[in-house]
Amino acid sequence: MSAADLDRAVEVLRQGGLVAFPTETVYGLGADAGNELAVRRIFAAKGRPSTHPLIVHLTDAAALDDWAQEVPSSARRLAEAFWPGPLTLVLPRSERASDAVTGGQPTVALRVPAHPLALELLARFGGGVAAPSANRFGGVSPTTAAHVRQDLGGEVDLVLDGGPCAVGVESTIVDLASPEPALLRPGGVAREELERVLGRSLPLRAQGGPRVPGTLPSHYAPRAGLVLVAPSELGARALALALQGRKVAVMGELPGRLPAGAGHFPVPSDPAAFARALYATLRQIDEAGFEVIVAATPSPEGLGLAVHDRLTRASAPRKPED
Ligand code: TXA
Ligand code: MG
C-alpha cells in the first residue's frame, strides 16, 4: 500500500469508478456518493436490487449536516462517542443524498469508519463515499482484500489492501429518524454501549421487507447450510448429519469425537474474537466443500449479539436462488 495507490483510488472515485477499501468492520465497495451513475455501478457489481439503500461514508461528524436534513442531539452524542467507528446512523436525508443512494427512502445511513486507509481515502477524496460490503448480494462479507478479489475481482477498478479487518462484522445500525430510536442491525458497537450514551434502552427493530437486505432472514449466508445447536450438542448433531451422508463441518469447540469425514473449524469463544474470525471461517468451510455447518452461537451480549444475529440469519431457510 503506497501513497500512489491512494492517489489512484481517489482518481478512480472522481471518474465514477469503483474502489474496494478496508474498513474496521468489513471491506466496502465504494463509489462517489454524489455521482448517481457511479452509485448504480455498485448495484450492478454486487447483483443487488436497486431499492436496497447504501451507507454513505464520511470523513468526520462535521459532514453529518451536509447529508442529513435534521441532526438530533442523540446523533451528535453517538457520533462524538463512537466515530470514527463501527456505528451507522439513519437520519432524515438532505437533498445531497440521492435516490440512487437511499433507494428512494426519506432517510440516509451515515458512518465515519475507523480504518486509517479508509479515513485517508475519504480525506483525500473530500466527499461522501457510498459503500456496501464488497461481496455478492446475500453472501458472506469480505474481511480481507483476497476475499474481495474472489467475489468481485472482475468488477472493481481498484482494491486497496489494508490487511484483515479488526472488527470482522458490519457496523451497528441505529435508526434516529423515527420517533423512537431503534437498533436496526447489531454490529461492531455493542447495544449496551449505545444505551449507556443514549441514557435509554434501544429496542431491536426487525425491519424485514425487501428494502433492508441486512435484515432479510437468509442474509450473510455461506453456501453450506448452517445448523445452530447448544454447545453441548455439537458432537451429537454432527454425528447424526454425518450418518445421513452429509459432509459436515463443526464450527466451535472440538466435540469429544469428530465423525469420520467431518471437518473441525475452531473459533474463539470470546465474542469479539469470534466476530473477527466469523466470516473468514465461513468462507474456509465453503472453499473446503462442506455441505452443512454445525455451530453454537455465543450468548447475545456485547459483540455476541452481532455474531448471534449473523449466525441466526445464515441458518434461516433459503430460497434456492440465494
Ligand atoms: O460495516 C458496515 O456497515 C459495512 C462497511 C463497508 O461500512 N457496510 C455494510 O453495508 O455493511 P451493506 O450495504 O452491506 O449494509 C448496509 C445496511 C443494509 O442492510 C441497508 O439496507 C441498511 O444498511 N441501510 C442503508 N440505508 C438505510 C436507511 N436509510 N434506512 C435503513 N437501513 C438502511
Ligand atoms: Mg452487506
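As the structure lists them, so they are numbered: ligands from 1, and atoms in each ligand from 1.
Distances from ligand 1 to the non-hydrogen atoms of H52 include no value under 4.0 Å. At least one heavy atom of R185 sits closer than 4.0 Å to an atom of ligand 1. Within the 4.0 Å heavy-atom cutoff, V26 counts among the residues contacting ligand 1.
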### Message
Between L91 and Q69, does the side-chain contact (heavy atoms from CB on, under 4.5 Å) criterion hold? Intermediate values first, please.
### Response
CA-CA 8 Å; L91 293 166; Q69 186 67 49; over 6 Å; no
### Task
Show the numbers, then the answer: is there a side-chain contact (heavy atoms from CB on, under 4.5 Å) between V294 and V248?
CA-CA 7 Å; V294 183; V248 184; 3.8 Å; yes
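Each of the following atoms of ligand 1 lies closer than 4.0 Å to a heavy atom of L184: 31 (C). Against a heavy-atom cut-off of under 4.0 Å, H57 is close to the following atoms of ligand 1: 5 (C), 6 (C), 7 (O). Close approach of ligand 1 to E170 (heavy-atom distance below 4.0 Å) involves ligand atoms 1 (O), 2 (C), 11 (O). Every atom of ligand 1 is numbered from 1 in the order shown, and the set under 4.0 Å from a heavy atom of S171 is 1 (O), 2 (C), 3 (O). Residue I173 has at least one heavy-atom neighbour below 4.0 Å for each of these atoms of ligand 1: 17 (C), 22 (C), 23 (O). Residue T107 approaches ligand 1 through these ligand atoms, each under 4.0 Å from one of its heavy atoms: 28 (C), 29 (N), 30 (N). The contact set between ligand 1 and T25, taken as ligand atoms under 4.0 Å from a residue heavy atom, comprises 1 (O), 2 (C), 4 (C), 5 (C).
Residue nearest to atom 12 (P) of ligand 1, selected from S141, P106, S133: S133 (by heavy-atom distance). Here the shortest heavy-atom distance to atom 6 (C) of ligand 1, taken over A118, A130, G28, A134, belongs to G28.
In this structure, F43 has its ring center no closer than 6.0 Å to that of F137.
Judged purely by atom type and a 3.5 angstrom limit, S178 has no side-chain atom pairing as donor or acceptor with the backbone of E180. Panel note: side chain E24, backbone A166; no donor-acceptor pair is recorded below 3.5 Å. Of the possible polar contacts, one joining the R136 side chain to the D151 backbone as a donor-acceptor pair under 3.5 Å is found.
In D175, neither the side chain nor the backbone holds a heavy atom less than 4.0 Å from any atom of ligand 1. Looking at R48 against ligand 1, only its side chain comes within 4.0 Å, counting heavy atoms.
Donor-acceptor pairing under 3.5 Å is lacking for the side chains of T143 and R283. Between the side chains of E170 and S141, a donor-acceptor pair is found at a separation under 3.5 Å.
Taken from OG1 in T107 to CG in D175, the straight-line distance is 7.0 Å, to the nearest 0.5 Å.
Between L87 and L194 the shortest side-chain heavy-atom distance falls below 4.5 Å.
Under 2.8 Å from the Mg ion (ligand 2) lies no N/O/S atom of Y220, from backbone or side chain alike.
Annotation: R111 places an N or O atom under 3.5 Å from an N or O atom of ligand 1; distance criterion only.
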